[in-house]
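Quick caveat: nothing in here was measured; it's all calculated off a predicted structure.
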Amino acid sequence: MGSHFNKLLLIIITLFTSSLSYGCAATGATNTDFIKTSCSTTTYPTLCYSSLSSQASAIQQDPKLLAHAALSVSLDTASSTSVNIVKLSRAAGMTAREVGAMRDCVEELSDSVDQLRRSMAEMSQIRSSNFGLMMNDIQTWISAALTDEDTCADGFAGKVMNGGVKTAVRQQILNIVHITSNALALVNSYAALHV
């Protein structure tokens with residue numbers, strides 16, 4: 001009788017753990033589906049999904065956590081891009097126009113990082129009692145960061161500036177512009193839930 005009981009117990013434990021594993025996998029798929037659906041409303045949905053899908057378990061299906069994660073990715077990308085542009089700005093052999101554009105870009109990216117940092121801090125403190133005022137600040141700061149990034153990219157537009165510097169800078173800047181644009185769209189979506 002003890003042998004049958006042990007087999008039955010083993011079967012029950014096996015069924016229970018496999019259903020738990022399935023539940024976790026299903027939840028993971030649901031979380032990534034939530035991110036994919038949310039990202040479909042952004043201007044750059046593929047980039048949005050690829051930059052956020054690795055955080056699906058932390059984001060779960062929470063629009064606030066999604067907006068916060070998108071801001072965090074934007075801030076991290078802007079910070080690393082800023083460091084790269086500072087390094088590039090010190091390279092020898094640039095024309096006077098390239099040096100000027102690099103100097104402006106470094107300043108614009110520094111401002112962008114500050115705006116995104118302020119947005120992150122404010123997003124962490126948002127409550128229902130202060131939601132409207134704080135969300136307005138957050139949206140304004142992200143928009144300002146996006147403007148700063150666009151201004152940097154514009155400095156390397158046109159036919160006057162060609163070559164490796166233009167290519168290297170514009171590619172990095174356009175990436176951060178797209179990521180910040182996506183963050184703003186997800187923050188706007190989150191804000192719309194509370195109107």
Side-chain angles (χ1 to χ4, degrees), residues 38-52 63-90 94-126 130-162 165-195:
S38 299
C39 283
S40 70
T41 65
T42 66
T43 308
Y44 308 98
T46 304
L47 177 63
C48 176
Y49 181 75
S50 68
S51 66
L52 294 170
K64 181 180 180 181
L65 293 176
L66 178 64
H68 195 276
L71 266 175
S72 179
V73 168
S74 184
L75 175 59
D76 290 348
T77 306
S79 296
S80 64
T81 302
S82 182
V83 168
N84 289 341
I85 300 302
V86 167
K87 287 178 186 173
L88 273 172
S89 72
R90 295 180 180 143
M94 287 191 286
T95 67
R97 179 160 163 66
E98 289 172 334
V99 169
M102 290 295 275
R103 190 178 309 118
D104 291 345
C105 194
V106 166
E107 186 177 322
E108 297 293 341
L109 286 178
S110 176
D111 290 346
S112 177
V113 168
D114 288 344
Q115 302 286 359
L116 292 169
R117 197 170 280 134
R118 289 171 75 185
S119 299
M120 285 283 298
E122 196 96 340
M123 184 69 101
S124 299
Q125 297 175 15
I126 205 164
N130 62 11
F131 188 88
L133 182 61
M134 291 185 115
M135 187 52 68
N136 189 37
D137 288 346
I138 292 166
Q139 290 168 311
T140 300
W141 293 329
I142 299 170
S143 294
L146 193 53
T147 300
D148 289 334
E149 294 160 6
D150 278 331
T151 302
C152 171
D154 289 347
F156 291 91
K159 296 179 181 174
V160 176
M161 195 177 300
N162 288 315
V165 172
K166 175 182 176 177
T167 303
V169 172
R170 276 191 61 82
Q171 185 175 7
Q172 289 183 51
I173 299 305
L174 289 177
N175 183 53
I176 184 56
V177 166
H178 296 171
I179 287 174
T180 304
S181 171
N182 286 342
L184 181 59
L186 294 173
V187 166
N188 289 342
S189 294
Y190 170 57
L193 296 174
H194 296 270
V195 172

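- Considering only residues two or more places apart in sequence or on other chains, Arg118 meets the side-chain contact (heavy atoms from CB on, under 4.5 Å) condition with Gln115, Trp141.
- The minimum heavy-atom distance linking Leu88 with Ala168 is given by the pair CD1-CB, 4.1 Å.
- Of all non-hydrogen atoms in His68 and Ser124, the two that sit nearest each other are NE2-OG, 3.3 Å.
- Between Leu71 and Leu75 the shortest side-chain heavy-atom distance does not fall below 4.5 Å.
- The line from CG of Asp104 to CG of Leu109 is 11.0 Å long, rounded to the nearest 0.5 Å.
- Sorted by first and then second residue, the pairs that involve residues 72-82 and meet side chain to side chain donor-acceptor pair (under 3.5 Å), not counting sequence neighbours, are Ser74-Thr180.
- To the nearest 0.5 Å, the span separating CE on Met123 from NZ on Lys64 amounts to 7.5 Å.
- One finds the CE atom of Met102 at 8.0 Å from the SG atom of Cys152 (value rounded to the nearest 0.5 Å).
- With sequence neighbours excluded, the residues satisfying side-chain contact (heavy atoms from CB on, under 4.5 Å) with Asp114 are Ser110, Arg117.
- Listed by first and then second residue, the salt bridge (charged side-chain N to carboxylate O under 4.0 Å, His left out) pairs involving residues 135-157 amount to none (not counting sequence neighbours).
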Tabulate below the donor-acceptor pairs under 3.5 Å that side-chain atoms of residues 183-195 make, not counting sequence neighbours, or state none.
from	atom 1	to	atom 2	distance (Å)
Asn188	OD1	Gln139	NE2	2.7
Asn188	ND2	Leu184	O	3.3
Ser189	OG	Ala185	O	3.1

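- How far CE of Met134 is from CG of Asn136: 12.0 Å, rounded to the nearest 0.5 Å.
- For the atom pair Asn175 CG and Gln172 CD, the distance stands at 8.5 Å (nearest 0.5 Å).
- Applying the side chain to side chain donor-acceptor pair (under 3.5 Å) rule to Glu122 yields no partners; only residues at least two apart in sequence or on another chain are considered.
- Val106 pairs by the side-chain contact (heavy atoms from CB on, under 4.5 Å) definition with Ile85, Val86, Ser89, not counting sequence neighbours.
- Partners of Arg103 according to the salt bridge (charged side-chain N to carboxylate O under 4.0 Å, His left out) rule, which considers only residues two or more places apart in sequence or in another chain, do not exist here.
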Under 3.5 Å donor-acceptor pairs involving side-chain atoms of residues 39-48, not counting sequence neighbours:
from	atom 1	to	atom 2	distance (Å)
Ser40	OG	Thr37	O	2.5
Thr41	OG1	Ser38	O	2.8
Thr42	OG1	Cys39	O	2.6
Thr42	OG1	Asn182	OD1	3.3
Tyr44	OH	His178	NE2	3.4

